[in-house]
Amino acid sequence: MAIFDRAIVRLLPAVPRPVVQKLSERYIAGPELKDAREAVRRINAEGKLATIDVLGEEITTEEEAAAIVRAYQNVFADLEHCELDSNVSVKLTALGLKLGYDLCRDNLRIVVEDAASRRNFVRIDMEDSSTTDDTLRLYRELREEGYDNLGVVLQAMLRRTPSDIAALADLKPSVRLCKGIYLEPPDVAYQDFEAVRASFVRALEALLDAECYVAIATHDEWLLAKGRHLVAERGLRRDDYEFQMLLGVRPALGDELVLEGHRLRIYVPFGRHWYAYSLRRLQENPKIAGYIAADTLGRLIGRRNGSRGSG
Ligand SMILES: Cc1cc2nc3c(=O)[nH]c(=O)nc-3n(C[C@H](O)[C@H](O)[C@H](O)COP(=O)(O)OP(=O)(O)OC[C@H]3O[C@@H](n4cnc5c(N)ncnc54)[C@H](O)[C@@H]3O)c2cc1C
């Protein structure tokens, strides 16, 4: 499968842009804020919440980072104006982390402050392991400045995650727990599928033990079952936790969660840089290309057989 995934990724730049656009449109709301707005409107109408991610290509100047900050401010204003139920997710590299820690903190503070003034919330996405220390440090600094409308992400694949949970526990953080999407070396991250699952369950238990608000972000049916079991076992109420999924990925599983009464938040990326962004993400993790290829094939076969597919 790995060779197959890598082969797809190598072929991608040769695939005509409209074809890539067609394949990506299930996973990316579109190039403009209005596209994200309409996606969130549909998501809210289905009884789901959203989190909007402004796609930025690699930031190389302070002006580009400032443009991302303004884009988030526009998102908050629009959400408020349209009375939509969505928060935002930000990538620290898009806010200038690679240009300077202080610059990034200032930019993040502007976004979080704007969110706070509109009673909204900001989640810091977790990027590759070269950024984990800075991300967690920045998260702590802003929380200690009094910004409670800020959450973070921990990746089950990282070996360091249990100690990060222990170190953050005094802040009672709001944590999105996911497997982790970046390719990491074996000394940093578990490589084995079952080891990542086991680590996810251990991390989820530790976060719940520490009375954190957890966003369980996965489309893995086995983990979804574990997640349901753990929240039920602890008698958690509906607003003590949430599930999260990516736009366009296995929507039927999300519908099930909503029918059962769980809160579900959908991650909605949008932005003009969607093409470069999609290619880069696919090149970073060829496994996603395999998922998309398998899913597209499944849909085509499903359509030919007259079935809607499981989504
Ligand atoms: C809301 C949300 C936010 C996330 N934020 C981060 C983050 O900040 N940092 C980070 O490192 N990772 C993040 N991730 C990605 C996460 O780490 C995983 O890489 C991703 O969710 C796939 O893992 P899985 O738990 O769904 O299980 P898997 O076993 O990988 O996937 C289960 C099934 O879901 C489908 N699937 C999963 N992912 C995709 C995809 N991208 N495209 C098409 N089909 C797919 C496939 O059918 C697959 O068989 C996030 C994921 C979600 C849902």
Side-chain angles (χ1 to χ4, degrees), residues 1-2 5 8-9 23-28 43 48-53 55 86-94 122-132 135-136 139 151-158 160-161 164 174-184 188-201 203-204 214-227 242-254 257 263-269 277-278 280-282 284-299 302 309-311:
M1 189 52 149
D5 295 346
I8 298 173
V9 167
L23 289 178
S24 329
E25 69 191 13
R26 284 188 59 214
Y27 307 103
I28 294 170
I43 287 164
K48 302 167 189 164
L49 312 163
T51 184
I52 292 183
D53 168 37
L55 297 178
S86 176
N87 59 37
V88 304
S89 292
V90 299
K91 289 197 172 44
L92 292 187
T93 54
V122 177
R123 172 136 355 242
I124 311 172
D125 283 345
M126 188 59 84
E127 300 179 68
D128 69 69
S129 62
S130 71
T131 66
T132 313
T135 303
L136 296 181
Y139 173 70
V152 74
V153 176
L154 292 174
Q155 298 154 322
M157 70 186 298
L158 293 195
R160 58 178 285 169
T161 289
D164 288 335
S174 165
V175 175
R176 173 195 299 150
L177 180 63
C178 63
K179 285 186 180 175
I181 201 163
Y182 299 90
L183 294 182
E184 303 283 359
V188 171
Y190 299 108
Q191 311 289 315
D192 175 66
F193 187 77
E194 290 303 331
V196 176
R197 270 184 171 169
S199 170
F200 194 113
V201 175
L204 179 53
V214 189
I216 306 167
T218 182
H219 321 87
D220 178 335
E221 284 175 73
W222 186 85
L223 280 179
L224 286 169
K226 280 275 173 199
E242 66 188 46
F243 287 93
Q244 293 193 350
M245 291 188 176
L246 300 170
L247 182 69
V249 176
R250 313 197 80 182
L253 285 182
L257 289 168
R263 268 152 62 101
L264 173 69
R265 190 176 300 276
I266 305 294
Y267 190 99
V268 179
Y277 177 88
S278 308
R280 184 162 59 86
R281 294 304 294 272
L282 289 169
E284 274 167 4
N285 191 346
K287 208 171 91 179
I288 300 175
Y291 283 159
I292 295 175
D295 188 49
T296 307
L297 212 64
R299 285 174 163 263
S310 73

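All heavy atoms count here, side chains included; hydrogens, waters and symmetry mates do not. Counting starts at 1 for both ligands and their atoms, following the listed order.
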Participant: Tell me the nearest of Pro269, Cys178, Gly248 to atom 16 (C) of ligand 1, using heavy-atom distances.
Facilitator: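 Nearest heavy atom to atom 16 (C) of ligand 1 lies in Cys178.
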Participant: Do Tyr182 and ligand 1 have an N or O pair less than 3.5 Å apart?
Facilitator: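 For ligand 1, there is no N or O atom that lies under 3.5 Å from one belonging to Tyr182.
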Participant: Which pair of non-hydrogen atoms, one from Met157 and one from Glu184, has the smallest distance, and what is that distance?
Facilitator: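 So the two residues come closest at CE-CG, 4.4 Å.
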Participant: With heavy atoms of Gly180 as the reference, note each atom of ligand 1 found under 4.0 Å away.
Facilitator: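 Heavy-atom distances to Gly180 below 4.0 Å select 11 (O), 16 (C), 17 (O), 19 (O).
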Participant: What is the minimum heavy-atom distance between Met126 and Tyr182, and which atoms define it?
Facilitator: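 The pair with the smallest heavy-atom distance is O-CE1, 3.4 Å.
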Participant: State, without any angle test, whether Arg176 and Ser89 hold a side-chain donor-acceptor pair at a distance under 3.5 Å.
Facilitator: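 Yes, Ser89 and Arg176 have a side-chain donor paired with an acceptor closer than 3.5 Å.
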Participant: Got a second to check how far Arg160's CZ is from Thr132's OG1, nearest 0.5 Å?
Facilitator: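 Here the rounded value is 5.0 Å.
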Participant: Quick check for you: to the nearest 0.5 Å, what is the distance between Lys91 atom NZ and Ile124 atom CD1?
Facilitator: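 One gets 12.0 Å once the value is rounded to the nearest 0.5 Å.
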Participant: Is it the side chain, the backbone, both or neither of Arg265 that has a heavy atom closer than 4.0 Å to ligand 1?
Facilitator: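 The answer is neither.
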Participant: Where the closest heavy atom to atom 19 (O) of ligand 1 is concerned, which of Ile181, Asp53, Val153 has it?
Facilitator: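 Among Ile181, Asp53, Val153, the closest heavy atom to atom 19 (O) of ligand 1 comes from Ile181.
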Participant: Tell me if a side-chain donor or acceptor on His219 pairs with a main-chain N or O of Leu246 at a distance below 3.5 Å.
Facilitator: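 Side chain of His219 to backbone of Leu246: a pair is present.
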Participant: For ligand 1, does Asp125 get within less than 4.0 Å through its side chain, its backbone, both, or neither, judged by non-hydrogen atoms?
Facilitator: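 Both backbone and side chain of Asp125 come within 4.0 Å of ligand 1.
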Participant: List ligand 1 atoms under 4.0 Å from Gln244, heavy atoms only on the residue side.
Facilitator: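 Ligand 1 atoms under the 4.0 Å threshold to Gln244: 1 (C), 53 (C).
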Participant: Is there any N or O on Tyr27 that sits under 3.5 Å from an N or O of ligand 1?
Facilitator: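 Looking only at distances, the answer is no, because the N/O contact criterion of under 3.5 Å is not met.
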Participant: With rounding to the nearest 0.5 angstrom, report the OH to CG distance, Tyr139 to Leu92.
Facilitator: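 The distance works out to 12.5 Å.
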Participant: For ligand 1, does Glu127 get within less than 4.0 Å through its side chain, its backbone, both, or neither, judged by non-hydrogen atoms?
Facilitator: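 For Glu127, there is no contact with ligand 1 at all, from either part.
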Participant: So how far is it from Ile216 CD1 to Met245 CE, rounded to the nearest 0.5 Å?
Facilitator: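 Going from CD1 on Ile216 over to CE on Met245, the span is 10.5 Å.
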Participant: Quick one: does Tyr267 get an N or O within less than 3.5 Å of an N or O on ligand 1?
Facilitator: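 No; the residue has no nitrogen or oxygen that sits under 3.5 Å from a nitrogen or oxygen of the ligand.
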Participant: Answer with yes or no whether Phe193 contacts ligand 1, where contact means a heavy atom under 4.0 Å from a ligand atom.
Facilitator: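 A heavy atom of Phe193 does come that close to ligand 1.
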Participant: Would Leu154 and Leu136 satisfy side chain to side chain contact (heavy atoms under 4.5 Å, CB included), going step by step from the backbone distance to the final call?
Facilitator: CA-CA 9 Å; Leu154 292 174; Leu136 296 181; 4.2 Å; yes
Participant: By number and element, which atoms of ligand 1 are closer than 4.0 Å to a non-hydrogen atom of Thr218?
Facilitator: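 Result: 24 (P), 25 (O), 26 (O).
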Participant: May I ask you to identify, for Val249, whether its side chain, its backbone, both or neither come under 4.0 Å of ligand 1 on a heavy-atom basis?
Facilitator: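 Val249 to ligand 1: side-chain contact only, backbone stays beyond 4.0 Å.
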Participant: Considering non-hydrogen atoms only, spot the tightest contact between Thr93 and Thr131 and give its length.
Facilitator: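 Residues Thr93 and Thr131, closest heavy atoms: CG2-CG2, 4.5 Å.
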Participant: Could you tell me which atoms of ligand 1, counted from 1 in the order shown, lie closer than 4.0 angstrom to a heavy atom of Ala217?
Facilitator: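 Ligand 1 atoms under the 4.0 Å threshold to Ala217: 2 (C), 52 (C), 53 (C).
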Participant: Should Lys179 be counted as touching ligand 1, given the test is an N or O pair under 3.5 Å?
Facilitator: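 Yes: some nitrogen or oxygen of Lys179 is under 3.5 Å from one in ligand 1.
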